[in-house]
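Heads up, the thing below is written out as structure tokens.
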Amino acid sequence: MSKELTSRATDYSQWYNDLVIKGELADYSAVRGCMVIKPYGYALWENMRDQLDKMFKETGHVNAYFPLFVPKSLFEAEEKNAEGFAKECAVVTHYRLKNDPNNKGKLIVDPEAKLEEELVIRPTSEAIIWNTYKSWIQSYRDLPILVNQWANVVRWEMRTRLFLRTAEFLWQEGHTAHATKEEAIEETKKMLEVYATFVEEYMAVPVIKGVKTANERFAGAEDTYCIEALMQDGKALQAGTSHFLGQNFAKAFDVQFLNKENKQEYVWATSWGVSTRLIGALIMAHSDDQGLIMPPRIAPLQVVIVPIYKGEESKPVIDEKVSTLVKDLKALGISVKYDNSENARPGWKFAEYELKGVPVRVALGLRDIENNVVELARRDTKEKSSVSIDGLATYIKNLLEEIQQNIFNRALAFRNENIREANTWDEFVDLLDNKAGFVAAHWDGNPETEEKIKEQTKATIRCIPLDNKQESGKCILTGNPSSQRVLFARAY
RNA sequence: CGGGAUGUAGCGUAGCCCGGUUAUCGCGCCUGGUUUGGGACCAGGAGGUCGCAAGUUCGAAUCUUGCCAUCCCGACCA
């Protein structure tokens, strides 16, 4: 029919695009590399955002908002950070358009309106924020500063993909300032935990917590902690990062404070972020050839009710039964939609809500009402069952939790099955080519070795897992001694 | 940004090689009616700058050039 999906086996990338577009999460826009997030997709983002925001606030953070524009002189202050992002910055050079004298009805950039100093559209906000923090911080009593902002950023990527890599994306970025190194590191790790908890418990996507190697580190960071997830095609996806920035930004922006001993010290910093990319992770971790599968806890819609009408006289009977159910579900905090639109028949609706990944579908007609039951279909397993109307709302509430657990367990089993150890180079290459997933292998700790492995296999070190088991071995490429395995994978 | 492919109505397409009436078909959309337990049926109807811009030609969806967009593969990246 009209919404035929490409199967994962046929073309994984096309399948992903089909889900995003036909599932009405987002669409391409008139702007290169930028997407329109549609209401269904935005509702998902709102649920994710609201939960994260709550978790940030529970850990003592507050929200603020900083400008979209960063004066070039500020942007270049922290050299490594500026260098890291320089190649993908959009830059504002003028502030006015005027009528084109040679082409009626068209506009041109007014050459008279050139800015004294170019404005970089933020690819990340460390620069503008640390420039601001300078005026906020004088004493140790002003610390810590625990600020988060929800914002859009722009990174002029060469090759974009819906949600996974768009030129403009939505995210949150936390920027904290601390009096001591220990406190900053603790904050970095704490936020990594918040991300891991959110992604696993709400998005039902299992993650590996780890630390990045120097090559993969955020530009300007001393250490980058990350959570890595595994997609169904065996590729890894970085789902969130938390950076310990040391005193790099404090020094670049001269942010010092007077400590208890009346001595000037540079402030210690962290930054951490997750973006709309998480939606890409969600899609690729759970969905199937019939469409999206939304984890109940953040699903834009948790329950859909489809009436099976038989003749005009059945409508008021069914509608009345449903209105009670809707009220019961809402009382339990469950989002529900009664789709009694008459322009689509039940079969069409079933397929549509499966495509959109609504966790639970309730169908009922006169036949069911006579028997005091409904037909309940769960999206994760596609199982259908007949369930009593008595206590149905509570039953569904429990079922939603069961679905949440089930899709997490399923993704966890898949992830665990796809972490394999390689002890030789041939084994390593064979696993990457034929099995995908993570490969745990010894590495000598040398960035050049890492680079060579990347050149030869396209696999990168996703992370060195936290609490990694220490075992001596030999680097798969060089044979040099190694004290632990690291996780390699091909990644998005 | 380099290599490859594609672009015809909201979606999927035929026509293009070999230029020539009113651009094909299906889905969707609108109106009316009958329907409704896995993507309904009948009747009538609307919808097109053939990606955009030049060029060749009496005439361009069709030939030429440039540009744009999307997808795949690379490089880069969250």
Side-chain angles (χ1 to χ4, degrees), chain A residues 1-6 11-18 21-22 24 27-35 84-89 123-124 153-173 195 212 215-219 224 226-229 236-243 271-281 290-291 306-312 314-315 318 339-355 361-369 371 373-375 377 382 384 386 454-455 458 460 462 490-492:
Chain A
M1 292 300 294
S2 65
K3 287 203 170 178
E4 202 79 32
L5 296 175
T6 306
D11 184 341
Y12 192 84
S13 297
Q14 191 56 51
W15 166 79
Y16 174 80
N17 287 330
D18 280 0
I21 291 168
K22 292 175 179 168
E24 297 187 315
D27 213 341
Y28 296 109
S29 73
V31 191
R32 168 184 218 151
C34 297
M35 63 180 171
F85 286 103
K87 284 178 290 180
E88 51 195 57
C89 285
T124 182
V153 288
V154 169
R155 297 182 186 175
W156 214 263
E157 300 288 352
M158 290 302 154
R159 192 175 154 196
T160 57
R161 297 196 67 186
L162 294 164
F163 287 113
L164 294 175
R165 191 179 298 106
T166 45
E168 179 192 12
F169 57 93
L170 304 184
W171 77 345
Q172 58 68 218
E173 46 182 327
Y195 287 154
K212 289 287 187 191
N215 285 357
E216 301 283 325
R217 199 174 283 156
F218 175 75
T224 288
C226 63
I227 49 173
E228 292 285 327
L237 185 134
Q238 180 174 304
T241 47
S242 183
H243 314 290
S271 70
W272 27 272
V274 296
S275 71
T276 37
R277 181 179 228 211
L278 279 177
I279 293 175
Q290 276 69 50
V306 177
I308 314 290
Y309 291 139
K310 281 243 169 48
E312 281 298 319
S314 72
K315 293 180 184 177
I318 296 171
D339 186 353
N340 61 350
S341 58
E342 297 198 34
N343 51 11
R345 301 181 64 196
W348 191 90
K349 293 176 186 173
F350 294 169
E352 181 66 14
Y353 292 108
E354 269 164 22
L355 169 60
R361 183 183 74 228
V362 175
L364 78 166
L366 286 182
R367 197 173 78 195
D368 301 298
I369 290 174
N371 297 321
V373 296
V374 298
E375 181 191 83
K382 296 202 277 290
K384 288 195 276 195
S386 192
K454 185 179 172 183
E455 278 167 21
K458 294 174 205 157
T460 49
R462 301 317 304 159
R490 293 189 180 132
Y492 278 98

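Labels below follow one simple rule: chain letters A, B, ... track the order of the sequence lines, proteins then strands, and each chain is numbered from 1.
Taking every side-chain heavy atom of A:R155 into account, B:A78 is the closest of B:G39, B:C71, B:A78. Out of B:C71, B:U36, B:C77, the shortest distance to the side chain of A:E342 is found at B:U36. In this structure, of B:C1, B:U36, B:C71, it is B:U36 that holds the atom nearest to the side chain of A:P346. The side chain of A:R361 approaches B:G38 more closely than any other nucleotide in the set B:C71, B:G37, B:G38. Closest to the side chain of A:E157, out of B:G39, B:G37, B:C76, is B:C76. The side chain of A:Q14 has B:C71 as its nearest neighbour among B:A78, B:C1, B:C71. Taking every side-chain heavy atom of A:E88 into account, B:C77 is the closest of B:G37, B:C71, B:C77. Residue A:E375 has its side chain nearest to B:G37 when only B:A75, B:C72, B:G37 are considered. In the set B:G38, B:U70, B:U36, B:U70 carries the atom at the smallest distance from any side-chain atom of A:Y28. Considering only the side chain of A:R165, B:C77 comes nearest among B:A78, B:A40, B:C77.
Within the nucleic acid shown, A:T166 comes within 4.0 Å of at least one base atom, counting heavy atoms only. If you check every strand for non-hydrogen atoms under 4.0 Å, A:K87 touches nothing. No engagement by A:G280 is indicated, since no non-hydrogen atom pair under 4.0 Å with the nucleic acid exists. Contact annotation for A:L237: no contact, since no heavy-atom pair falls under 4.0 Å across all strands. Residue-level contact check: A:D368 touches the bases, meaning some heavy atom is under 4.0 Å from a base atom. Using a 4.0 Å heavy-atom distance criterion, A:T241 is classed as making no nucleic acid contact.
In this model, the phosphate group of B:G38 is not approached by any side-chain N or O of A:K349 to a distance below 4.0 Å at OP1 or OP2. Between A:S275 and B:A78 there is no side-chain polar atom (N or O) within less than 4.0 angstrom of OP1 or OP2.
For the P atoms, the distance from B:U8 to B:G2 is 24 Å, rounded to whole Å. Across B:C30 and B:G19, the matching C1' atoms stand 37 Å from one another, rounded to whole Å. Look at the C1' atom in both B:G12 and B:C52: the space between them is 23 Å, to the nearest Å. With both ends at atom P, the span from B:C76 to B:C11 equals 35 Å, rounded to whole Å. Taking the P atom of each, B:G45 and B:U24 are spaced 15 Å apart, rounded to whole Å. Nucleotides B:C42 and B:C63 are separated by 46 Å at their C1' atoms, to the nearest Å. Separation of the C1' atoms belonging to B:G59 and B:G20 is 7 Å when rounded to the nearest angstrom. Between B:G28 and B:U22, the two C1' atoms lie 24 Å apart (nearest whole Å).
For A:R462 and B:C77, the CZ to C1' distance is 11 Å, given to the nearest whole Å. Straight-line distance from the CG atom of A:L162 to the C1' atom of B:A78: 15 Å, rounded to whole Å. The separation between A:I308 atom CD1 and B:G38 atom P is 8 Å, rounded to whole Å. For A:Y16 and B:C72, the OH to C1' distance is 16 Å, given to the nearest whole Å. With rounding to whole Å, A:R161 atom CZ is found 15 Å from B:C76 atom C1'. Atom CG of A:L366 and atom P of B:G37 are 13 Å apart (whole Å). Counting to the nearest Å, the P atom of B:A78 and the OH atom of A:Y195 are 14 Å from each other. A straight line from CD1 of A:I21 to C1' of B:G10 spans 13 Å, rounded to a whole angstrom.
When both pairing distances are held under 3.5 Å, B:G20 makes a Watson-Crick or G-U pair with B:C58. The partner of B:A43, taking Watson-Crick or G-U wobble pairs whose two distances both stay under 3.5 Å, is B:U31. B:C50 makes up no base pair with any nucleotide shown, lacking Watson-Crick or G-U wobble contacts both under 3.5 Å. With a cut-off of 3.5 Å on both Watson-Crick or G-U wobble distances, the partner of B:A5 is given as B:U70.
Scanning both residues, A:D368 and A:L364, for their nearest heavy atoms gives OD2-CA, 3.3 Å. Nearest approach of A:W171 to A:T124, heavy atoms of both residues: CH2-OG1, 3.5 Å. Across all non-hydrogen atoms, the minimal contact from A:K384 to A:A377 is CG-CB, 3.7 Å. In terms of heavy atoms, A:A219 sits closest to A:G84 at CB-CA, 3.8 Å. Closest heavy-atom contact between A:L278 and A:A239: CD2-O, 3.2 Å. The two residues A:S29 and A:C34 come nearest to each other via the heavy atoms OG-O, 2.6 Å.
At a cut-off of 3.5 angstrom, the base of B:G37 holds no donor-acceptor pair with the side chain of A:R345. Applying the 3.5 Å distance criterion, the base of B:G38 shares a donor-acceptor pair with the side chain of A:K384. Between the base of B:U36 and the side chain of A:K315 there is a donor-acceptor pair shorter than 3.5 Å.
The nearest heavy atom of RNA chain B to A:E168 and to A:V374 marks one nucleotide each, and the one closer to the 5' end goes with A:V374. Both A:E455 and A:K382 lie near RNA chain B, and the one whose nearest nucleotide falls closer to the 5' end is A:K382.
When A:Q238, A:K454, A:K212, A:R490 are each tested for a side-chain contact (heavy atoms from CB on, under 4.5 Å) with A:T460, only one passes: A:K454.
Using a 30° and 60° split on the angle between ring planes, A:Y195 and A:W272 fall in the perpendicular class, above 60°.
Salt bridge A:R361/A:E354: present, at least one basic N to carboxylate O contact under 4.0 Å.
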